[in-house]
Asks: 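The structure follows.
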Amino acid sequence: MATMKKNGFTLVEMIVTMGIFSLLIGSLAAVFTQILQSQRNISSTQELLGQTSYALEYMSRAIRMARKDLDGSCTGIVNLNYSTTTSLGTGIKFLNSGSVCQEFYLETGQLKENEGGVVSPLTSSHLNVLSFDIVDSGWTQTDDNQPKVTLFLNIEGNNQSKIKVQTAVTQRNLDIMR
């Protein structure tokens, strides 16, 4: 008796193969989607850290090089190094190294700079600055402390990324009566 050769697949074998293939593709698609979401979160956090770092470094350099306001034209008080402001939002005002009145402040969720009347944003509109607080120490001539400014930032980015940072800056020039 001659033996018959089998040349095809049965319907059951095809259905089982299609089911396994579908499970494999579905799993790979879920992993790929998760990787894309993680990449978005990482990019958002990177943007948040980069802009926060830039803003703090920029403000720190300017504050560190501040000059004493001998006539009170910037701070509003004679011989004062810095003054806090609230007219535009929480902020700090001082006479910068170029003898120009400079102010950093929070307005509608964005850190801004006013240097001699020219207003520029320090953070992009993609970020939301939740709070900008300033703590002073040694700002007057009645103490023996070198002027120190402590800045606190609470910033929120895309995809619920948040960061809270603080930095302390002391004035580079000696704070002495002239």
Side-chain angles (χ1 to χ4, degrees), residues 37-143 145-176 178:
Q37 181 62 36
S38 294
Q39 176 64 28
R40 275 189 230 120
N41 290 342
I42 290 168
S43 293
S44 177
T45 302
Q46 235 176 352
E47 178 187 20
L48 177 66
L49 290 172
Q51 287 196 37
T52 302
S53 176
Y54 167 77
L56 278 177
E57 183 62 26
Y58 183 80
M59 289 188 294
S60 295
R61 284 183 183 185
I63 290 168
R64 186 178 301 116
M65 298 303 294
R67 295 179 164 199
K68 185 182 301 293
D69 190 2
L70 297 174
D71 62 2
S73 62
C74 180
T75 61
I77 300 173
V78 175
N79 290 330
L80 193 64
N81 297 294
Y82 309 100
S83 67
T84 54
T85 61
T86 56
S87 61
L88 298 171
T90 302
I92 182 169
K93 188 183 260 191
F94 56 93
L95 200 59
N96 69 17
S97 61
S99 297
V100 176
C101 190
Q102 189 168 3
E103 179 180 11
F104 297 115
Y105 60 94
L106 173 63
E107 181 181 55
T108 60
Q110 208 174 13
L111 279 177
K112 295 188 177 180
E113 170 193 33
N114 183 345
E115 184 176 6
V118 177
V119 176
S120 306
L122 293 179
T123 57
S124 75
S125 58
H126 294 93
L127 302 181
N128 182 25
V129 181
L130 302 172
S131 64
F132 176 52
D133 298 311
I134 300 154
V135 175
D136 61 12
S137 174
W139 287 15
T140 65
Q141 292 296 310
T142 58
D143 59 27
N145 298 327
Q146 184 68 3
K148 179 171 85 173
V149 177
T150 305
L151 304 173
F152 297 91
L153 282 174
N154 184 5
I155 302 180
E156 180 178 58
N158 297 328
N159 297 327
Q160 289 91 27
S161 57
K162 290 183 181 179
I163 188 170
K164 290 182 180 181
V165 295
Q166 84 175 46
T167 189
V169 182
T170 57
Q171 186 174 344
R172 182 165 284 168
N173 299 324
L174 288 176
D175 182 33
I176 53 177
R178 293 183 190 174

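The residues of the chain are indexed from 1 along the displayed sequence. Quantities reported herein were computed from a predicted structural model and do not represent experimental measurements. Any value given below was found using the heavy atoms of this structure, including those in side chains, with hydrogens, waters and symmetry copies removed.
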Asks: Just verifying a value: how many Å separate Ile163 CD1 and Leu49 CG, rounded to the nearest 0.5 Å?
Replies: 4.5 Å
Asks: Apply side-chain contact (heavy atoms from CB on, under 4.5 Å) to residues Ile92 and Thr84 and explain how you reach the verdict.
Replies: CA-CA 4 Å; Ile92 182 169; Thr84 54; 5.5 Å; no
Asks: Would the distance check show the side chain of Gln110 and the main-chain N or O of Thr123 forming a donor-acceptor pair, the cut-off being under 3.5 Å?
Replies: yes
Asks: Hey, are the side chains of Ser99 and Arg67 touching, using non-hydrogen atoms and a 4.5 Å cut-off?
Replies: yes
Asks: Is there a donor-acceptor contact under 3.5 Å from the side chain of Gln171 to the main chain of Gln146?
Replies: no
Asks: Ser131: what forms a side-chain contact (heavy atoms from CB on, under 4.5 Å) with it, not counting sequence neighbours?
Replies: Asp133, Asn154
Asks: Without swapping roles, check the side chain of Asn114 against the backbone of Glu103 for a donor-acceptor pair under 3.5 Å.
Replies: no
Asks: Would you indicate whether the side-chain heavy atoms of Asp69 and Ile77 approach each other to under 4.5 Å?
Replies: no
Asks: Going by the rule side-chain hydrogen bond (donor to acceptor under 3.5 Å, both in side chains), which residues pair with Lys93 if we only count those two or more places apart in sequence or in a different chain?
Replies: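 Result, side-chain hydrogen bond (donor to acceptor under 3.5 Å, both in side chains) vs Lys93: none returned.
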Asks: Nearest 0.5 Å please: distance from the SG atom of Cys74 over to the CG atom of Asn96.
Replies: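 Reported to 0.5 Å precision, the distance equals 8.0 Å.
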Asks: Are the side chain of Thr45 and the backbone of Asn41 linked by a donor-acceptor contact shorter than 3.5 Å?
Replies: yes
Asks: Let me know which of Val78, Leu80, Asn81 forms a side-chain contact (heavy atoms from CB on, under 4.5 Å) with Lys68.
Replies: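 The residue from Val78, Leu80, Asn81 that satisfies side-chain contact (heavy atoms from CB on, under 4.5 Å) with Lys68 turns out to be Asn81.
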Asks: For the side chain of Gln51 and the backbone of Ser124, is there at least one donor-acceptor N/O pair under 3.5 Å apart?
Replies: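 Judged by distance alone, yes, a pair lies under 3.5 Å.
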Asks: Please find the pair of heavy atoms, one from Ser44 and one from Ser161, that lie closest to each other, and give the distance.
Replies: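 Looks like OG-OG, 3.1 Å.
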Asks: For the atom pair CG (Leu95) and OG (Ser73), what is the distance rounded to the nearest 0.5 Å?
Replies: 6.0 Å
Asks: Any side-chain heavy atom of Leu127 within less than 4.5 Å of one from Leu48?
Replies: yes
Asks: Calculate, to the nearest 0.5 Å, the distance between atoms NZ and CD1 belonging to Lys162 and Ile155 respectively.
Replies: 12.5 Å
Asks: My understanding is that only residues two or more places apart in sequence, or in another chain, count here; which of them pass side-chain hydrogen bond (donor to acceptor under 3.5 Å, both in side chains) with Thr52?
Replies: none
Asks: Please evaluate residues Asp136 and Tyr82 with respect to the criterion side-chain contact (heavy atoms from CB on, under 4.5 Å), reporting the C-alpha separation (whole Å), side-chain torsions for both, the decisive distance (0.1 Å), and the verdict.
Replies: CA-CA 9 Å; Asp136 61 12; Tyr82 309 100; over 6 Å; no
Asks: What's the separation between atom CG in Leu122 and atom CZ in Phe104, rounded to the nearest 0.5 Å?
Replies: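 Going from the CG atom of Leu122 to the CZ atom of Phe104 covers 6.0 Å.
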Asks: Please find the pair of heavy atoms, one from His126 and one from Asn158, that lie closest to each other, and give the distance.
Replies: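 Closest pair (atom of His126, atom of Asn158, distance): O-OD1, 3.5 Å.
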Asks: Are side-chain heavy atoms of Asn79 and Leu70 found at a separation under 4.5 Å?
Replies: yes
Asks: Ignoring hydrogens and geometry, is there a side-chain-to-backbone donor-acceptor pair from Thr75 to Ser83 under 3.5 Å?
Replies: no
Asks: Met59 and side-chain contact (heavy atoms from CB on, under 4.5 Å): which partner among Val169, Leu111, Thr167?
Replies: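 Passing option: Leu111.
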Asks: Thr150: what forms a side-chain contact (heavy atoms from CB on, under 4.5 Å) with it, not counting sequence neighbours?
Replies: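 Thr150 satisfies side-chain contact (heavy atoms from CB on, under 4.5 Å) with Val135, Lys148, Phe152, Gln166, Ala168 only.
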Asks: Would you please name every residue forming a side-chain hydrogen bond (donor to acceptor under 3.5 Å, both in side chains) with Arg64, sequence neighbours left out?
Replies: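 Arg64 satisfies side-chain hydrogen bond (donor to acceptor under 3.5 Å, both in side chains) with no other residue.
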Asks: Residues two or more places apart in sequence or in another chain: which of them pass side-chain hydrogen bond (donor to acceptor under 3.5 Å, both in side chains) with Tyr58?
Replies: Glu113
